[in-house]
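Reviewing the structure listed below.
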Amino acid sequence: MTSPEPATDRSPSRAVADVDVLVIGAGITGIYQLYRAREAGFTTLLLEAGDGVGGTWYWNRYPGARFDSESYTYAYLFSKELFDEWEWHEHFAAQPEIERYLNHVVDRFGLRRQMRFGAHVTSAVFDEATGTWTVATGDGNEVRTRFLVAATGILSVPYYPDIAGREDFRGQSFHTGRWPTTPVDFTDRRVAVVGTASSGVQVVPAVVDEVASLTVFQRTANWCTPLNNAPITDEEQRRLRADFESMREFLDASPSGFLHPVHDRGTFDDSEDQRLAFYEAMWNSPGFSKLTSNYTDLTVDHAANARWCEFVADKIRSIVVDPGTADLLVPTDHRYAEKRPPFVTGYYEAFNDPKVELVDLRATPIVRVTGTGIETTDAEREFDIIVWATGFDFGTGALNRLGIRGRDGIALEDHWADGPTTFLGIQTAGFPNLFFPGGPHAAAGNNPRYNGDQVDFITQTLVHLRDLGYDVIEADDAAEERWTTMVDSGAATSPFGEISYFFGTNIPGKPRRYLLNSGGRPKLSKEMTRVVDTDYAAFRMTRAPDPAGARP
Ligand SMILES: Cc1cc2nc3c(=O)[nH]c(=O)nc-3n(C[C@H](O)[C@H](O)[C@H](O)COP(=O)(O)OP(=O)(O)OC[C@H]3O[C@@H](n4cnc5c(N)ncnc54)[C@H](O)[C@@H]3O)c2cc1C
């Protein structure tokens with residue numbers, strides 16, 4: 001295995017641990033945590049199940065995979081030099097460019113030698129005597145660490161619906177979230193795409209021109225609106241660099257972490273003509289603006305939401321030529337933004353191609369996958385390739401599968417049997433020295449902005465602990481209860497409804513519990529500041545009984 005750098009004088013781990021800080025996950029959160037912990041003088045190691053850097057952007061390399069966040073607002077903003085030297089080519093970069101960027105960051109800051117790939121963590125067990133974690137990987141290795149940071153992602157465990165015969169299919173079959181590194185040839189193939197949420201709607205237009213036939217299996221129609229991607233011009237590139245500080249300030253103040261201005265009017269403050277003109281501007285606006293810059297009452301007033309939905313439905317019907325297909329593509333079971341809205345380029349247009357068929361799984365559910373295709377209640381269709389765009393076990397999926405055992409051997413998945421309880425979305429009582437930035441309860445919106453806040457806070461906290469000479473830190477139960485109650489009660493005011501995977505609804509048997517923090521980034525930042533101002537009263541800091549592991 002890769003040897004971690006030797007302990008420094010400032011290392012709190014002393015003899016017992018191999019490293020001070022072990023990070024799991026080489027996504028945008030884990031890379032940043034590795035960087036920050038190392039900069040703070042801790043010895044570090046990162047374990048990643050995949051064979052490369054990127055997390056989401058390593059695994060999701062399906063055709064059409066790209067940002068819904070503007071590239072430069074998603075990117076790291078901690079280094080102006082890094083920002084200046086990397087030139088994003090599109091406002092919403094595609095997966096290859098994002099993967100290249102994250103690899104560039106890793107190499108630029110010399111992080112690769114502290115990363116171990118193909119290292120799937122299978123268990124992490126806390127030892128109370130030494131205040132350390134023993135982390136085991138599938139390849140039989142073990143690492144002892146003082147602090148464990150599980151940056152394992154919210155959308156990193158792919159979900160397959162329980163459909164009989166899935167393994168029997170003799171053609172090629174892929175989940176979008178586990179796409180192979182070798183390109184898949186769609187030329188003249190009969191292709192099925194199962195699922196029409198954010199990933200499925202990206203795949204469809206990306207492959208439609210190559211395939212012999214494309215059958216889209218839809219359970220729930222989603223409110224898709226245009227991404228409105230474009231290349232970044234030289235002038236825009238110059239402006240981005242010149243405006244770096246003001247952009248960062250804007251993003252820091254934005255609840256959603258986007259660069260979109262908030263509108264100042266409600267839907268019915270405008271006349272019908274004004275409203276239609278505004279909707280048209282929204283339709284032509286970039287990405288998430290349709291949610292973040294829309295009328296202020298979009299997600300709180302059902303009549304306002306219905307009016308926007310009517311506009312979007314008219315757009316769908318104006319694009320899709322066949323009225324029956326258009327009808328099926330208009331959602332009927334949820335309001336706009338009640339589920340995470342997807343953004344598209346050419347999705348609806350694809351259905352005008354005669355080789356594209358839409359199958360309504362509500363009317364004709366899948367019975368089984370056969371050796372040669374998919375059988376629904378009304379037909380059996382043959383395919384060469386099946387693409388499963390069927391989502392993820394959101395929020396807790398990866399953490400609950402890590403084999404985490406805290407105090408008294410308690411399993412994290414048991415502790416969270418009714419859904420997660422956390423303080424700041426970074427710690428849970430009973431699991432000392434374990435942190436999980438980028439997990440459930442953090443905030444909502446442009447992920448790296450608030451995941452980065454969590455990493456900064458964790459690093460600052462570890463430095464504080466080290467300065468005081470403590471070995472063990474654990475969220476206080478009362479603080480955790482307060483934060484979790486805030487998260488749970490925020491479900492009522494969240495735009496997202498129980499139909500959304502943000503409540504775990506897409507996974508059979510998963511507790512229905514809200515997994516995001518409705519207070520968003522401002523609430524998270526405020527609470528983190530409060531923790532520091534109150535001298536970390538929300539955490540218990542102690543010395544391990546036998547921190548150096550010297551057995552009697
Ligand atoms: C297709 C897609 C598009 C997205 N687009 C956007 C977007 O535009 N904007 C946005 O804000 N968010 C987007 N997201 C959400 C995205 O997941 C986050 O933005 C971001 O990638 C999270 O980074 P992370 O480092 O926290 O987690 P991840 O990128 O998920 O990385 C976690 C890593 O942990 C590793 N890991 C997990 N378990 C183990 C284990 N047991 N052992 C070892 N390693 C393990 C995984 O292999 C993975 O590499 C998108 C998600 C998907 C799936």
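Nothing fancy with the numbering, it's 1 onward along the sequence. Just so you know, these numbers use all the heavy atoms, side chains as well, and skip hydrogens, waters and symmetry mates. Whatever order the structure lists them in is the order used to number ligands and atoms, beginning at 1.
Residue nearest to atom 14 (N) of ligand 1, selected from N60, I24, L155: L155 (by heavy-atom distance).
The aromatic rings of F42 and F147 sit perpendicular to each other, their planes meeting at more than 60°, with 30° as the lower class boundary. Aromatic ring pairs are classed by plane angle as parallel below 30°, tilted from 30° to 60° and perpendicular above 60°; the pair W86 and Y101 is perpendicular. A tilted orientation is assigned to the rings of H415 and F431, their planes being inclined by 30° to 60°. Ring geometry for Y35 versus Y32: interplanar angle under 30°, hence parallel rather than tilted (30 to 60°).
Considering backbone and side-chain N/O atoms, E48 comes within less than 3.5 Å of an N/O atom of ligand 1. Polar contact with ligand 1: present for T29 (N/O pair, distance under 3.5 Å). Ligand 1 has an N or O atom lying under 3.5 Å from an N or O atom of D68, backbone or side chain. For ligand 1, the polar-atom distance check against I154 finds no nitrogen or oxygen pair separated by under 3.5 Å. Considering backbone and side-chain N/O of A49, one or more are found under 3.5 Å from N/O of ligand 1. Of the N or O atoms in V121, one or more lie within a sub-3.5 Å distance of an N or O in ligand 1.
Considering every non-hydrogen atom in both A37 and T44, the closest pair reads CB-CG2, 3.7 Å. Residues T422 and W416 approach most closely at CG2-CZ2, 4.0 Å, considering heavy atoms.
Residue, atom and distance of the protein heavy atom nearest to atom 9 (N) of ligand 1 are S69 OG, 2.7 Å. Nearest protein neighbour of atom 28 (P) of ligand 1, counting heavy atoms only, is T56 N, 3.6 Å. Among all protein heavy atoms, the one lying closest to atom 19 (O) of ligand 1 is Y74 OH, 2.7 Å. The protein non-hydrogen atom at the shortest distance from atom 1 (C) of ligand 1 is Y62 OH, 3.4 Å. Nearest non-hydrogen protein atom to atom 27 (O) of ligand 1 is G153 CA, 3.2 Å.
Within the 4.0 Å heavy-atom criterion, neither part of T137 lies near ligand 1. With a heavy-atom cut-off of 4.0 Å, F392 touches ligand 1 through its side chain alone.
Side chain of R407 to main chain of D127: no donor-acceptor pair is present (N/O by atom type, distance under 3.5 Å, no hydrogens or angles).
Look at R146 and D18 and you find no salt bridge, because none of the NZ, NE, NH1 or NH2 atoms lies under 4.0 Å from a carboxylate O.
By the ring-ring contact (aromatic ring centres under 6.0 Å, His included) test, W179 is found to be paired with F174, residues two or more places apart in sequence or in another chain being considered.
Applying the 4.0 Å criterion to heavy atoms of S156 picks out, from ligand 1, the atoms 30 (O). Residue-ligand proximity, A119 to ligand 1, at heavy-atom distances under 4.0 Å covers atoms 42 (N), 43 (C).
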Please set out all donor-acceptor pairs under 3.5 angstrom arising from side-chain atoms of residues 501-508, sequence neighbours excluded.
residue	atom	partner	partner atom	Å
T505	OG1	E498	O	2.3
T505	OG1	S500	O	3.1
N506	ND2	F392	O	2.8

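No heavy atom of G287 sits closer than 4.0 Å to any atom of ligand 1.
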